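The model shown is predicted, which means the values in this text are computed figures rather than measured ones. Each residue takes its place number in the sequence, starting with 1.
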Amino acid sequence: MRKPRFTDWLFLALALVIGAAAVFVALRPTPGADHSAHRPVVTADLVPAAHSDGLSEAESGYRFERITTPAVRGPEVPVAFRILGPDGRPVTRFLDNQTKQMHFFAVRDDMNVFQHVHPTLDGDTWHTSLALTDGGAYRMFAEFVPLDTKDPRHPVVLGVPFTVPGDTTFVPVPAPAGETVTATGYRVARVDAAERISPLRAQVIRFALRGPDGALITAVDPHLGANGHLTGFHTMLLSATHLHPAQPLGARLVNGELTFHALFSDRGEYRLFLEFSHGGRVHTAAITVAVD
């Protein structure tokens with residue numbers, strides 16, 4: 001066995017110095033430690049989270065698989081698709097979301113065309129049809145809540161674009177306004193129109209409903225298990241935002257008001273589509289809001 005050389009002793013001494021320094025750093029108190037215990041801890045549960053927005057055909061392990069994509073005009077253009085799960089297999093069962101397993105939307109990029117339908121399942125494929133009487137660039141969205149979700153309030157939204165060829169009559173997106181009128185003559189006004197809407201901030205949006213005769217609506221019929229349904233689409237990005245009803249089903253409308261919880265993820269203008277049932281039919285009101 002050879003005797004330790006001078007360099008061996010040198011390396012040993014260096015190792016001891018480094019080890020002692022590491023221990024000192026680990027045990028040294030952190031400046032301001034006495035106060036850090038009183039600081040609020042921000043966790044993921046405390047940070048507002050918007051829904052997935054339909055800007056991708058894949059999200060949270062799920063993927064939209066096109067089977068039949070709209071490519072012609074018509075009152076009942078067929079659409080068929082599958083939802084593939086994380087294992088790559090078609091998923092055929094989801095949690096009910098406002099009484100439906102699947103909500104399906106289609107909007108044109110000028111927001112002048114809006115469709116909200118509920119596909120039916122045949123085998124492993126979802127089928128529906130869209131009323132597309134004009135050409136243009138569209139986006140369709142499939143919204144569903146997986147069975148194993150940790151938060152059923154936040155559905156998965158997958159979106160894919162499609163184009164209907166031919167002449168198109170484009171309509172400019174209306175500017176933000178405080179009031180709109182449905183095709184059936186109902187007036188819908190934003191009660192909180194003067195309030196600023198900010199991105200990534202939970203807030204409530206309120207609408208006052210009046211019938212064609214000008215009288216306030218005090219009660220609405222159930223629609224999709226709620227007093228109403230509200231969906232928003234960013235006018236530039238074409239992202240989707242689902243807004244939740246704040247009132248319980250069947251609640252009387254005080255001052256004719258329908259209220260919804262809202263959380264918008266991006267700045268910009270959104271076109272909101274409010275659906276409610278009254279007088280035995282569903283009415284749709286479209287209104288633009290600014291989020292800044």
Side-chain angles (χ1 to χ4, degrees), residues 51-109 111-149 152 154-166 168 222-226 228-233 238-242 271 273-277 281-284 286:
H51 304 301
S52 60
D53 53 18
L55 290 180
S56 174
E57 63 183 34
E59 170 76 26
S60 302
Y62 293 88
R63 185 165 63 85
F64 187 106
E65 182 183 44
R66 302 168 178 85
I67 303 299
T68 303
T69 302
V72 297
R73 307 168 188 236
E76 294 185 359
V77 180
V79 182
F81 60 96
R82 295 190 186 97
I83 300 298
L84 304 183
D87 60 359
R89 299 178 180 178
V91 182
T92 58
R93 183 70 179 94
F94 302 103
L95 292 178
D96 284 348
N97 173 25
Q98 286 201 233
T99 74
K100 302 295 182 181
Q101 286 193 61
M102 179 74 64
H103 291 265
F104 191 83
F105 307 92
V107 293
R108 198 168 70 179
D109 61 359
M111 299 292 153
N112 191 51
V113 179
F114 166 77
Q115 299 274 303
H116 177 192
V117 295
H118 304 102
T120 56
L121 187 65
D122 183 7
D124 61 4
T125 304
W126 298 88
H127 294 265
T128 189
S129 61
L130 298 172
L132 303 173
T133 57
D134 201 5
Y138 291 79
R139 192 168 189 86
M140 54 187 177
F141 304 82
E143 178 188 283
F144 55 89
V145 180
L147 292 175
D148 61 351
T149 182
H154 292 81
V156 173
V157 184
L158 307 180
V160 296
F162 68 93
T163 301
V164 176
T168 302
H223 177 57
L224 298 174
H229 188 281
L230 183 62
T231 310
F233 300 90
L238 290 188
S239 57
T241 299
H242 180 81
R271 191 72 168 157
F273 294 92
L274 170 65
E275 301 168 75
F276 62 93
S277 180
R281 64 179 297 184
V282 175
H283 311 273
T284 302

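The shortest distance between side-chain heavy atoms of Ser129 and Val77 does not fall below 4.5 Å. Side-chain contact check for His283 versus Leu274: every heavy-atom pair is 4.5 Å or farther apart. Contact annotation: the side chain of Tyr138 approaches that of Arg108 to within less than 4.5 Å [non-hydrogen atoms, C-beta and beyond]. Side-chain contact check for Glu65 versus Glu57: every heavy-atom pair is 4.5 Å or farther apart. With contacts defined as side-chain heavy-atom distances shorter than 4.5 Å, the pair Leu130/Val117 qualifies. The side-chain heavy atoms of Val157 and Glu59, taken from C-beta on, include no pair separated by under 4.5 Å. Counting heavy atoms from C-beta outward, Phe233 and Ser239 have side chains that stay 4.5 Å or more apart.
Atom CG of Leu224 sits about 6.0 Å away from atom CD of Gln98, to the nearest 0.5 Å. Considering OG1 of Thr231 and CD of Glu275, their distance stands at 6.0 Å, rounded to 0.5 Å. Going from atom CG of Leu147 over to atom OG1 of Thr149 covers 9.5 Å, rounded to the nearest 0.5 Å. Rounding to the nearest 0.5 Å places NE2 of His223 at 7.0 Å from OG of Ser277.
Taking the ring centroids of Phe141 and Phe105, they lie at or beyond the 6.0 Å cut-off.
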Exercise for the section: Decide side-chain hydrogen bond (donor to acceptor under 3.5 Å, both in side chains) for Thr125 and Arg82; before the verdict, give the C-alpha distance in whole Å, the side-chain angles of both, and the deciding distance to 0.1 Å. Expected result: CA-CA 5 Å; Thr125 304; Arg82 295 190 186 97; 3.3 Å; yes

Exercise for the section: Let me see the working for Ile83 and Leu158 under side chain to side chain contact (heavy atoms under 4.5 Å, CB included), right down to the final yes or no. Expected result: CA-CA 9 Å; Ile83 300 298; Leu158 307 180; 4.1 Å; yes

Problem - Phe104 vs Met140, side chain to side chain contact (heavy atoms under 4.5 Å, CB included): CA-CA, chis, key distance, verdict - result: CA-CA 7 Å; Phe104 191 83; Met140 54 187 177; 3.6 Å; yes

Problem - From CA spacing to verdict: side chain to side chain contact (heavy atoms under 4.5 Å, CB included), Met111, Leu238 - result: CA-CA 9 Å; Met111 299 292 153; Leu238 290 188; 3.1 Å; yes

Practice task
Start with the C-alpha distance between Trp126 and Thr128, add both sets of side-chain angles, then the distance that settles side chain to side chain contact (heavy atoms under 4.5 Å, CB included), and finish with yes or no.
Solution key: CA-CA 7 Å; Trp126 298 88; Thr128 189; over 6 Å; no

Exercise for the section: Start with the C-alpha gap between Asp96 and Gln101, add the side-chain angles, then the distance that decides, and say whether side-chain hydrogen bond (donor to acceptor under 3.5 Å, both in side chains) holds. Expected result: CA-CA 5 Å; Asp96 284 348; Gln101 286 193 61; 4.9 Å; no

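The minimum heavy-atom distance between Ala71 and Pro165, with the atom names listed, is O-CD, 3.1 Å. The two residues Val164 and Leu132 come nearest to each other via the heavy atoms CG2-CD1, 4.1 Å. Scanning both residues, Arg271 and Ala286, for their nearest heavy atoms gives NH2-CB, 3.6 Å. Pro155 approaches Val145 most closely through the heavy-atom pair CB-CG2, 3.7 Å. Residues Pro152 and Leu95 approach most closely at CB-CD1, 4.3 Å, considering heavy atoms. Smallest separation of non-hydrogen atoms from Thr92 and Asp124: CG2-CA, 3.7 Å.
Under the side chain to side chain donor-acceptor pair (under 3.5 Å) criterion, Asn112 pairs with no residue, sequence neighbours left out.
In summary, of the residues considered (Phe81, Phe94, Phe64), a ring-ring contact (aromatic ring centres under 6.0 Å, His included) with Phe144 occurs for Phe94 alone.
More than 12 heavy-atom neighbours from other residues, nucleotides or ligands sit within 6.0 angstrom of CZ on Arg93.
Comment: Asp134 engages Arg73 in a salt bridge, judged by a side-chain N to carboxylate O separation of less than 4.0 angstrom.
Using the six-membered ring where Trp is involved, His116 and His229 have ring planes that are tilted, between 30° and 60° apart. Aromatic ring pairs are classed by plane angle as parallel below 30°, tilted from 30° to 60° and perpendicular above 60°; the pair His103 and His242 is tilted.
With hydrogens and angles disregarded, a donor-acceptor distance shorter than 3.5 Å links the side chain of Arg139 to the backbone of Gly54. Looking only at distances, a side-chain donor or acceptor of Thr168 sits under 3.5 Å from a matching main-chain atom of Gly136. One N or O on the side chain of Ser56 and one on the backbone of Ala58 form a donor-acceptor pair closer than 3.5 Å.
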